[in-house]
Amino acid sequence: MSRRDAGAARPASPRRTGRRPGNPDTREAILHAAREAFAERGYDATPIRAVAASAGVDPALVHHYFGAKEELFRAAMAIPVDPAELVPRVLAGGADEVGERLVRTFLGVWDSPAGVAAVALLRSAVSNQWTARLLREFLTTQILRRVLDQLDLDPAEAPLRGALVATQIAGLAMMRYVIRLEPVASASPDTLAATIGPTLQRYLTGPLHPD
């Protein structure tokens with residue numbers, strides 16, 4: 001049999017069909033597009049289809065890699081924890097001590113191995129406006145909104161209450177983990193929850209304006 005005949009006898013390779021094969025480059029392209037979109041538009045105004053279009057992929061592929069938009073957002077920010085698991089801890093037991101539980105929950109994350117990524121994100125947010133926008137969106141939409149929605153607050157006051165809580169949480173994280181101001185840096189979670197918690201409680205459920 002000649003070489004030509006042998007070559008002709010080989011069956012043709014089947015053509016690939018179906019979803020575009022996944023690879024690290026595709027995944028990273030989606031994450032890059034997501035970071036830009038969330039930073040520019042905010043979480044609420046960023047649909048999956050817009051991220052997919054920017055990354056040059058089908059929206060189904062975004063869902064294949066990351067699931068829902070909330071999971072894509074966490075992946076884009078490299079957040080090592082799931083807010084859906086943390087917030088119930090904050091709300092467990094009613095609204096009376098939610099301020100202290102919020103401090104304890106945050107410290108539980110930041111003091112754990114997962115806190116390394118959180119500190120890196122905070123450091124980046126100080127000097128990078130793009131990261132700062134992402135961090136703001138995460139705190140606002142994934143943490144504070146979930147808490148505030150369960151506290152039966154005046155809708156007109158909720159944004160201010162959430163922002164005030166964020167000033168305390170972000171300030172605590174900065175002083176304890178980045179600047180390492182003593183004695184806050186080495187204080188026990190119980191001490192910080194007992195001293196900062198009441199302030200958060202007032203921001204969340206107390207009067208905002210003096211009588």
L164 versus L208: any side-chain heavy-atom pair under 4.5 Å? yes
Output, in order, the C-alpha distance, side-chain angles, deciding distance and verdict of side chain to side chain contact (heavy atoms under 4.5 Å, CB included) for T195 and V103. CA-CA 10 Å; T195 52; V103 175; over 6 Å; no
Going by side-chain hydrogen bond (donor to acceptor under 3.5 Å, both in side chains), name the residues that satisfy it together with E40, two or more places apart in sequence or in a different chain. none
I'd like to check the side-chain hydrogen bond (donor to acceptor under 3.5 Å, both in side chains) partners of Q168; sequence neighbours left out, ordered by chain and number. none
Sequence neighbours excluded, every pair satisfying side chain to side chain donor-acceptor pair (under 3.5 Å) that has a member inside residues 87-99: none
Can you tell me if T105 uses its side chain to pair, donor with acceptor, with the backbone of R101 under 3.5 Å? yes
Going by the side chain to side chain donor-acceptor pair (under 3.5 Å) test, which pairs reach into residues 174-192, not counting sequence neighbours? R104-D190, D111-R176, D111-Y177, E182-S186, S188-T191
As an exercise, state the distance from CG of L148 to OG1 of T205, rounded to the nearest 0.5 Å. 11.0 Å
Does L151 belong to the same Ile/Leu/Val/Met/Phe/Trp/Tyr cluster as L102, with side-chain heavy atoms less than 4.5 Å apart forming each link? yes
I'd like to know if the side chain of E36 pairs up with that of H32 as donor and acceptor (distance under 3.5 Å, no hydrogens or angles considered). yes
Compare all side-chain heavy atoms of L121 with those of I79 and state whether any distance is below 4.5 angstrom. yes
Residue pairs meeting side chain to side chain donor-acceptor pair (under 3.5 Å), one or both in residues 149-159, sequence neighbours left out, come to E157-R161
For W110 and A118, work out which heavy atoms get closest and say how close. CH2-O, 3.7 Å
Quick one: list whatever passes side chain to side chain contact (heavy atoms under 4.5 Å, CB included) with A166, sequence neighbours left out. L144
Name all pairs fulfilling the ring-ring contact (aromatic ring centres under 6.0 Å, His included) condition that reach into residues 74-95, sequence neighbours left out, sorted by first residue then second. none
Pairwise side-chain contact, Q142 with E70, heavy-atom cut-off 4.5 Å (strictly under): yes
Within-4.5 Å side-chain heavy-atom neighbours: I30 and L72: yes
Dump the intermediate steps for salt bridge (charged side-chain N to carboxylate O under 4.0 Å, His left out) on E137 and R41, then the final yes or no. CA-CA 10 Å; E137 285 296 308; R41 303 184 182 192; over 6 Å; no
What pair of heavy atoms forms the shortest contact from V81 to A114, and how long is it? CG1-CB, 4.3 Å
Report yes if the side chains of L107 and L172 come closer than 4.5 Å at any heavy-atom pair, otherwise no. yes
dist E100:CD -> L192:CG (nearest 0.5 Å) comes out at 11.0 Å
Over all heavy atoms of both residues, which pair between A84 and P88 is shortest? Give the atoms and the distance, please. O-CD, 3.1 Å
What heavy-atom pair brings L135 and A125 nearest, and what distance separates the two atoms? CD2-CB, 3.8 Å
Any donor and acceptor pair, going by atom type alone, linking the side chain of R27 with main-chain N or O of Y65 inside 3.5 Å? no
Is there a path of hydrophobic side-chain contacts, each under 4.5 Å between heavy atoms of I, L, V, M, F, W or Y residues, that connects L122 with L181? yes
Strictly by ring-ring contact (aromatic ring centres under 6.0 Å, His included), give each pair with a member in residues 67-101 just once, sequence neighbours left out. F38-F73, Y43-F73
Rounded to the nearest 0.5 Å, how far apart are CD1 of I143 and CG of L86? 6.0 Å
Give the cluster check for I196 versus V178: same hydrophobic cluster or not, with ILVMFWY residues linked at side-chain heavy-atom distances below 4.5 Å. yes
Quick one: which residue pairs count as a ring-ring contact (aromatic ring centres under 6.0 Å, His included) with a foot in residues 121-171, not counting sequence neighbours? none
Apply side chain to side chain contact (heavy atoms under 4.5 Å, CB included) to residues T131 and V126 and explain how you reach the verdict. CA-CA 8 Å; T131 307; V126 172; over 6 Å; no
Do I179 and V184 have side chains that approach each other closer than 4.5 Å (heavy atoms only, starting at C-beta)? no
Can you list, pair by pair, the side-chain donor-acceptor contacts under 3.5 Å of residues 48-58, counting residues two or more places apart and other chains?
residue	atom	partner	partner atom	Å
D58	OD1	A60	N	2.8

Nearest atoms (heavy-atom pairs only) where A76 meets A34: CB-CB, 4.2 Å
Heavy atoms, side chains only, cut-off 4.5 Å: are R74 and F66 in contact? no
For H63, enumerate each residue passing the side-chain hydrogen bond (donor to acceptor under 3.5 Å, both in side chains) test, keeping only those at least two apart in sequence or located in another chain. none
R145: partners by salt bridge (Lys or Arg N to Asp or Glu O under 4.0 Å), with sequence neighbours left out: D44
